[in-house]
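So you know, we letter chains A, B, ... as the sequences are listed, proteins then strands, and number each from 1.
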Number of protein chains: 2
Amino acid sequence: MPNGVLILFQGMPFTQHLIKPVAFFAAENRSFTMNATEPATLKTLAGELGLNVSTVSRIINAEPGTDSKWASPETIRRVHELASARGYTRNPHAASLRTSRSDLIGVIVPRLQDYVLATIYEGIDAAAETRGRMTVVANSLDDPTRQRSRTESLLARRVDGLIFGDAHIDSPFLDQLAARGVPLTLVSRRKAGHVSVTCDDVTGGRLAASHFLSTGRRRFAVIAGARYASTTVDRVAGFLDVLEEHGIGGSDVDVYYTGFDAPAGQRAVAELMAAPVRPEAVFAVNDFAAIGAIGALQKLGVVVPEDIAVVGYNDTPIAEAVSLTTVRSPMVEMGRLGFDKLLLLLDKEVVESERLPPELIVRSTA
Amino acid sequence: MPNGVLILFQGMPFTQHLIKPVAFFAAENRSFTMNATEPATLKTLAGELGLNVSTVSRIINAEPGTDSKWASPETIRRVHELASARGYTRNPHAASLRTSRSDLIGVIVPRLQDYVLATIYEGIDAAAETRGRMTVVANSLDDPTRQRSRTESLLARRVDGLIFGDAHIDSPFLDQLAARGVPLTLVSRRKAGHVSVTCDDVTGGRLAASHFLSTGRRRFAVIAGARYASTTVDRVAGFLDVLEEHGIGGSDVDVYYTGFDAPAGQRAVAELMAAPVRPEAVFAVNDFAAIGAIGALQKLGVVVPEDIAVVGYNDTPIAEAVSLTTVRSPMVEMGRLGFDKLLLLLDKEVVESERLPPELIVRSTA
DNA sequence: ACGTATGCCGCAAACGTATGCCTAATGGTG
DNA sequence: CACCATTAGGCATACGTTTGCGGCATACGT
């Protein structure tokens, strides 16, 4: 048998994904013929090295920086060398069982199909990746029953904490969860009594209104989402505030609570064009609703922005593509911060909510 | 102390999420004062019931249908009753450690921001939910390095199998993975040698071409995505096939490999309008690219479809909103089937790839 | 009456890791 | 030389499940 030959294993049973190509050593009368069909564990490493599992465990878990006083530099080198040669990866289930920490974070969003939430989730996941955590995401569809059931199944998987992107401003669900001691943070939507990272949506609504006023519009419609979302409530409130400050209100502004997607925008247009008097400007609390609205308006022969101006919200790529004037919200950043704050919460630190500033992006629809 | 009083615990330490409200029983001289700060385990249940953990385990794991011969009906009732009273949920880490199965499925997609992949993932997750599995998703951004690293970290978490939505038709990565014995299936994109569930993209391309021909167009452009994606390759191939069958080719059709999103559509238009002669019809292999293209065309004063007709692909909601003619692909179904086939694979069954039929949806852009 | 089948359940050993507590040898100090 | 601190590890247990292998009754067949 040749010395130090590299043998590649193929077509191994599926439980052995983690085995990497392994070098056999056949020296003199002594040869290690470790059972290559078994994935490397602390025990197998320790056995080969003539060490105790506890020693190997401590060496492997030591911070790379800290000069651990648990072993000699030589031993540490040998351990790391063999570990990487055998392709050792810690069994997270065993570790979690021992430590009762899973390093898993659950994320619940209304729907990943929604670009906004998908982007926020990317921010969460990016932050998790840098911190060595993994995330598990679930769609609640904003349905209270599903919110509960998906939450319970994530907890049953022993996630360390939860991030909600689907908070309902009027539901006791999150309060009950917090009372049970579940660490959680909120992103995108806020709710009193919980740590949240949101866009400053009141300001966002104000930006839209101010822009319309500065271009001389006087009659308005708002295409709003669901009433239970703080995003809807705050954006509408900010918008109406500014109008009121300029003495506009009452019959000069109509709010349509339809939804956050393109079809919702179409439905809203169908409604508002049926009203006795047309608005001169439409504020949609979501880009997709805005685009749906614009599509419907154009189909009716309405020219945007000459006849009716439109402003959206979030500044998704599609907004840029169709040249939609919109309010930019920091989606990725909300996700990142939402995750970071949850981590602080898990460390028993005190954490405050945060509202990130929006920015008006003027393009050609308003 | 009152009898059978219901006590609600609030503000418990965060490790105890799973404890549900617990009923204390104080009867005569005997009173269970179980340690309410500890989550229920098989041991605590068994202790309270005077049974052995193995018995409780077998009862709890028995299929609800099968009349297990492991315990008397009365005992089974008592176990289930106490389990639900204590809010018992199995510790999945302990179970996985024992069985070396995690019931976790890893999913890797180019990017969840992409509506198409997000929808496919929803199909996967929906299927997983009905089978009692959980999924973990990661973005690869179609970057080979990230594909590998995200795959390895999912494997390190001991997923039972993987579903890829980002297969590169020319990369050996998946082959290497399969050779290591990792069970996997592909969705959206196919690759020779692996089980995949895709849309019949060749047919989809043919549908688009036939439609253009039937409305009298003779000069074409294709906005294609990345060359490494089978979706690009197949859709373009089907499109060109039909043209060739009608004697069209060569300088009468240009293919622009830009990307799958709206900005890619804009870039492609910038290129194709700079060419010496304009196309009469544009086939975009993705709705978002199509919308980006339409936006760019309109900005240049080109009227769609009179000057240039446009057909997209996938039939996303935004297509309906802007009245885009497109080829519908069964996204959710692809996800579902991709998951189901992986489960079959895990059961060592033989599984075949599948191509689902597309459908042309004619609206007003072509 | 005796052997066997069945119903009902317990014993004990893993799975792989983390961690509190020991120990043995070495080096330094007074 | 006696004593103590440091270095370099080992021992043992617990985390919560699952599962092969019994074991003891009672019922049943001959």
Side-chain angles (χ1 to χ4, degrees), chain A residues 15-19 35 37-63 66-79 83 86-103 156-158 160, chain B residues 15-19 35 37-63 66-79 83 86-103 156-158 160:
Chain A
T15 43
Q16 314 311 337
H17 321 151
L18 295 162
I19 298 295
N35 191 349
T37 70
E38 312 250 328
T41 75
L42 288 184
K43 198 197 310 194
T44 65
L45 294 183
E48 265 188 82
L49 290 163
L51 290 172
N52 189 283
V53 287
S54 65
T55 305
V56 180
S57 170
R58 281 188 250 256
I59 291 174
I60 288 192
N61 286 18
E63 302 289 308
T66 42
D67 235 20
S68 107
K69 58 175 181 36
W70 281 111
S72 66
E74 167 64 7
T75 305
I76 293 179
R77 198 193 50 73
R78 286 175 58 223
V79 167
R86 293 285 178 272
Y88 171 81
T89 62
R90 153 196 14 255
N91 183 319
H93 299 118
S96 297
L97 178 58
R98 177 65 228 256
T99 62
S100 61
R101 280 193 14 195
S102 61
D103 284 351
R157 289 274 174 181
R158 296 327 197 250
D160 293 334
Chain B
T15 43
Q16 316 309 337
H17 321 153
L18 295 162
I19 296 296
N35 191 347
T37 70
E38 313 249 329
T41 76
L42 286 184
K43 199 200 302 193
T44 65
L45 294 183
E48 267 188 79
L49 289 164
L51 289 172
N52 189 281
V53 288
S54 64
T55 306
V56 179
S57 170
R58 281 189 250 255
I59 291 174
I60 288 192
N61 285 16
E63 302 289 308
T66 40
D67 235 19
S68 104
K69 57 178 179 42
W70 280 110
S72 67
E74 167 64 6
T75 304
I76 293 179
R77 199 192 51 74
R78 286 174 60 223
V79 168
R86 294 283 178 273
Y88 171 80
T89 62
R90 143 179 46 243
N91 183 320
H93 300 119
S96 296
L97 177 57
R98 177 63 229 256
T99 62
S100 61
R101 279 192 17 196
S102 61
D103 284 351
R157 290 273 174 181
R158 300 323 200 247
D160 293 333

Looking at [X], does any N or O in its side chain come under 4.0 Å of the phosphate oxygens OP1/OP2 on [N]?
{"X": "A/T55", "N": "D/dG10", "result": "yes"}
{"X": "A/S72", "N": "D/dG9", "result": "yes"}
{"X": "A/K43", "N": "C/dC15", "result": "yes"}

Judged by atom type as modelled, is there a donor-acceptor pair below 3.5 Å linking the side chain of A/S96 to the main-chain atoms of A/P92?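 Indeed, once roles are kept as given, a pair shorter than 3.5 Å links the two residues.
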Donor-acceptor under 3.5 Å (B/T44 side chain, B/T41 main chain):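 Such a contact is found between B/T44 side chain and B/T41 backbone.
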Rounded to whole angstrom units, what separation is found between the [atom1] atom of [X] and the [atom2] atom of [N]?
{"X": "A/R78", "N": "D/dA8", "atom1": "CZ", "atom2": "C1'", "value": "13 Å"}
{"X": "A/I59", "N": "C/dT19", "atom1": "CD1", "atom2": "C1'", "value": "15 Å"}
{"X": "A/I76", "N": "D/dT7", "atom1": "CD1", "atom2": "C1'", "value": "12 Å"}
{"X": "B/H93", "N": "C/dA14", "atom1": "NE2", "atom2": "P", "value": "24 Å"}
{"X": "B/L42", "N": "C/dC15", "atom1": "CG", "atom2": "P", "value": "19 Å"}
{"X": "B/N61", "N": "D/dG16", "atom1": "CG", "atom2": "P", "value": "16 Å"}
{"X": "B/N91", "N": "D/dA14", "atom1": "CG", "atom2": "C1'", "value": "13 Å"}
{"X": "B/L51", "N": "C/dC11", "atom1": "CG", "atom2": "P", "value": "11 Å"}

Q | Spacing of NZ belonging to A/K43 relative to CG belonging to A/L51, to within rounding of 0.5 Å | A |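 Reported value, rounded in 0.5 Å steps: 15.5 Å.
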- Message: Taking side chain to side chain contact (heavy atoms under 4.5 Å, CB included) as the criterion, tell me which of A/L45, A/L49, A/V56, A/I59 meets it with A/R78.
- Response: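 It is A/L49; the other options fail the test.
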- prompt: Is there a donor N/O on one and an acceptor N/O on the other, under 3.5 Å, for the side chain of B/R58 and the base of C/dG7?
  reply: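 Answer no: no donor N or O sits under 3.5 Å from an acceptor.
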ask   = So, does the side chain of A/S54 form a donor-acceptor pair with the base of D/dC11 at under 3.5 Å?
value =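 Indeed, a donor on one side and an acceptor on the other fall under 3.5 Å apart.
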Which is true for [X] with a 4.0 Å heavy-atom rule: it touches a base, it touches only sugar-phosphate, or it touches nothing?
{"X": "A/N52", "value": "base"}
{"X": "A/T75", "value": "sugar-phosphate"}
{"X": "A/T41", "value": "sugar-phosphate"}

Notebook entry, point to check: Can a donor-acceptor pair be found between the side chains of B/R158 and A/T89 at a distance below 3.5 Å?
Noted result: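 Side-chain D/A pair, B/R158 to A/T89: present.
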Should [N] form a Watson-Crick or G-U wobble pair with both distances under 3.5 Å, which nucleotide is its partner?
{"N": "D/dC28", "value": "C/dG3"}
{"N": "D/dG9", "value": "C/dC22"}
{"N": "C/dC9", "value": "D/dG22"}

- Specify the residue among B/V56 and A/V53 whose closest nucleotide of DNA chain C lies further upstream toward the 5′ end.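 The answer here is B/V56.
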